[in-house]
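The shown structure was predicted, so the numbers you read here are calculated from the model rather than taken from an experiment. Just so it is clear: chains get the letters A, B, ... in the order the sequence lines come, proteins before strands, and each one is counted from 1.
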There are 2 protein chains.
Amino acid sequence: MLARLCYKEAVPKVVDPAERRSLLAEAVLRVVRRDGLEQASVRNVAREAGLSMGSLRHYFASQSELMVFAFRTVVERIELRLAGLEPESDPRRRAQRILSELLPLDEGRRAENEVWLAFTSRAMVDPALRALRGEGYDALRAGCRTLIADLSAAGLAPADVPAETDRLHALLDGLAVHAAMRPDIHTAESLTTAIERHLDALATERASRDASGRSQEPSS
Amino acid sequence: MLARLCYKEAVPKVVDPAERRSLLAEAVLRVVRRDGLEQASVRNVAREAGLSMGSLRHYFASQSELMVFAFRTVVERIELRLAGLEPESDPRRRAQRILSELLPLDEGRRAENEVWLAFTSRAMVDPALRALRGEGYDALRAGCRTLIADLSAAGLAPADVPAETDRLHALLDGLAVHAAMRPDIHTAESLTTAIERHLDALATERASRDASGRSQEPSS
DNA sequence: CAGTTACTAGCACAGTCGTACTACAAAAAG
DNA sequence: CTTTTTGTAGTACGACTGTGCTAGTAACTG
C-alpha cells in the first residue's frame, strides 16, 4: 500500500490528459485539411479521433475552445521547429535556412500551411481566432525584421529595414498562398529558389545603392 | 395594342433577370464579408436580398451555383476595372497603375479582397470554386508576366522574366493578404509605396547587373 | 379571351449543428 | 471498505442547413 502511494502518478494513466488534447487537436487538423474548416464539427472531430462527443467535451468545453487550441498547436509547432534550428552565424545562410523552414517544402508543412490558410480566413469573422492570427502575424514579421536587419548590417540588404521587412514578409506569405493554391507548380525547389533569388536581389540592390550613392562605406 | 407589341420588352419588367442574379450575387458578397462564407446560406442570402428562399431558387438551382456565380462576379468586376484603365505607354507608370488597381486601396476593393480570400480558402475543398480560383490565378499571373516583360524590355527589370513574374505575383498576393489581416497597418499609402519600392528595386537590380555583367547593351 | 410562362412565397423533409444532460465504469482518495 | 474525482458514452433538444414541393400571382403569348 505504501508502495502504491509512491507511484500514484507514474504509470496508471493510459494517456496523459494534455496528450489527449493534442491528439484531439491533430484530429481537428486532419479534418480541416481533408474536408475544410466548416466540416470540423464536434461530431466529425470526435469520430476522427475515435472518441464520443461527450468525451471530447470533457476536454474542451466548447467548439470554439477546441478550434483555438488546434490553431495554437499549429503556431507552436512552427515556433518549435524554428527554435530547433542549429545556429548559423552567416546572415545570408541563416536567412535562407529560416525562410526555407517557413515554406511548405514537405508534406507536413504543406498540411500546416493549408490549415493556416483556413484559420486565417475564418479569423476574418471570428474574434477568438483573430487574436491568435495576430500573434502569428507579429511573430513572423518580427522574424523577418531580424533577418533583414542582420543582412542590412552585413551589407547584404538595403538600409531601409522596415521597407524590406514589409517586402520579405509579403513575399513569404504570398509564396505560401501560391503553394497552397498550386502545389503542382510551386514545388519545394521553385519555392526555395524564389527565396534565394530575393535574397540575391537584396544584396545586389544594396551593392548598387552603395556604389552610386556614397563614396565611403562603413568599415564595421 | 400594336403599340404595346412594339414596346413588349421595354418597360414591363421591374428588374431584368440577369440583374436579379447580380443583385443576389452582391447579397452573397455582403453576407460573406460581414459574417463569413459559412453564413452565406440560402436563407441568409435570400433575407439579405429581401427575397424568399423559393424565389432565390428560381434563379439559382443550387447553393453551389449561387456561390460560383458570386465568385465569378468578383473576378469579372476586377477584370472590368482593369479593362477600363486608360492606356499608358510608359511601362513603369503602367505597372504602377495596374498594380495599384489590384490592391485593396479603397473600401470597395477591400471588400472584394476579403471575399476573394474567403473563396480562395474554400476552394481548397470545393472543386467548383477551385476551377474559378485557378482562372483568377492564371489571369493575374499572366498580367504580372506582361508587366515584367515590358519592364524588362525597357531595361527597368531583370532579364529573368519568369523569376520576376513569380516574385511580383507573390508580393502582390502577400500584400493583399496582409491588407486583409491588418487593414490598420497596411493602409492604401503603405501598400502603394510597397509596390513602388519593388518596382524601384527591379530597376536598380537590372541596372546593377547590366553594369557589372556586360560591356554592351542592346540598342532597341 | 384563354393558355402559358415567369416569378414569388412558403412549407416540409431529412440531415447536421453545438450544447446540455444523464448514466456508467475506472481510478484515486478518504 | 466508501466516497469522490475523472473519463467515456450516449441521448435529447432546439436551431439551422439544402433541397423538393405546392400554391398563387403576375406577366407574356397566341
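- Note on A/His58: every side-chain N or O is 4.0 Å or more away from OP1 and OP2 of D/dT8.
- B/Asp126 and B/Arg133 are not joined by a salt bridge, as no carboxylate oxygen comes within less than 4.0 angstrom of a charged side-chain nitrogen.
- Relative to the axis of its first five pairs, the axis of the last five pairs of the helix from C/dC1-D/dG30 to C/dG30-D/dC1 sits at 10°, rounded to 10 degrees.
- Side-chain contact of B/Asn44 with B/Arg47: a donor-acceptor pair under 3.5 Å is present, judged by distance alone.
- Using a 4.0 Å cut-off, some side-chain N or O of B/Arg57 falls inside it from OP1 or OP2 of D/dG20.
- Taking the ring pair (Phe, Tyr, Trp, His ring centres under 6.0 Å) definition, one finds that A/Phe71 meets it with A/Trp116, A/Phe119, sequence neighbours left out.
- The nearest whole Å value for the distance from the CD atom in B/Glu38 to the C1' atom in C/dC17 is 13 Å.
- Classification of B/Asp90 and B/Arg97 as a salt-bridged pair fails, no side-chain N sitting under 4.0 Å from a carboxylate O.
- Rounded to whole angstrom, the span from the CG atom of A/Leu56 across to the P atom of D/dT6 amounts to 18 Å.
- The distance between atom CZ of B/Phe60 and atom P of C/dC7, rounded to the nearest whole Å, is 12 Å.
- The distance between atom CE of A/Met53 and atom P of C/dC21, rounded to the nearest whole Å, is 14 Å.
- If you take CG of A/Asp35 and P of C/dC17, they are 11 Å apart, rounded to a whole angstrom.
- Of all nucleotides listed (D/dT17, D/dA9, C/dT19), C/dT19 comes nearest to the side chain of A/Gln63.
- The aromatic rings of B/His186 and A/Tyr137 stand perpendicular to each other, their planes meeting at an angle above 60°, with 30° marking the opposite boundary.
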Walk me through whether A/Arg34 and A/Glu48 qualify under salt bridge (Lys or Arg N to Asp or Glu O under 4.0 Å).
CA-CA 11 Å; A/Arg34 177 174 8 102; A/Glu48 175 76 23; 2.5 Å; yes
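- The A/Val42 side chain lies nearest to C/dT19 when the options are C/dT19, D/dG18, C/dC17.
- At the phosphate of D/dT17, OP1 or OP2 sits under 4.0 Å from a side-chain N or O atom of B/Asn44.
- OP1 or OP2 of D/dT8 lies within a sub-4.0 Å distance of a side-chain N or O belonging to A/Tyr59.
- When the C1' atom of D/dT8 is taken as reference, atom CG of A/Leu24 falls 12 Å away, rounded to whole Å.
- One finds the CZ atom of A/Arg167 at 5.5 Å from the CZ atom of B/Arg167 (value rounded to the nearest 0.5 Å).
- Remark: C1' of C/dA6 and CG of B/Leu51 are 14 Å apart, rounded to the nearest angstrom.
- Between the CD atom of A/Glu19 and the C1' atom of D/dT6 there is a distance of 17 Å, rounded to whole Å.
- Each of A/Arg43 and A/Ser52 was assigned the nucleotide of DNA chain D with the nearest heavy atom; the assignment lying further toward the 5' end belongs to A/Ser52.
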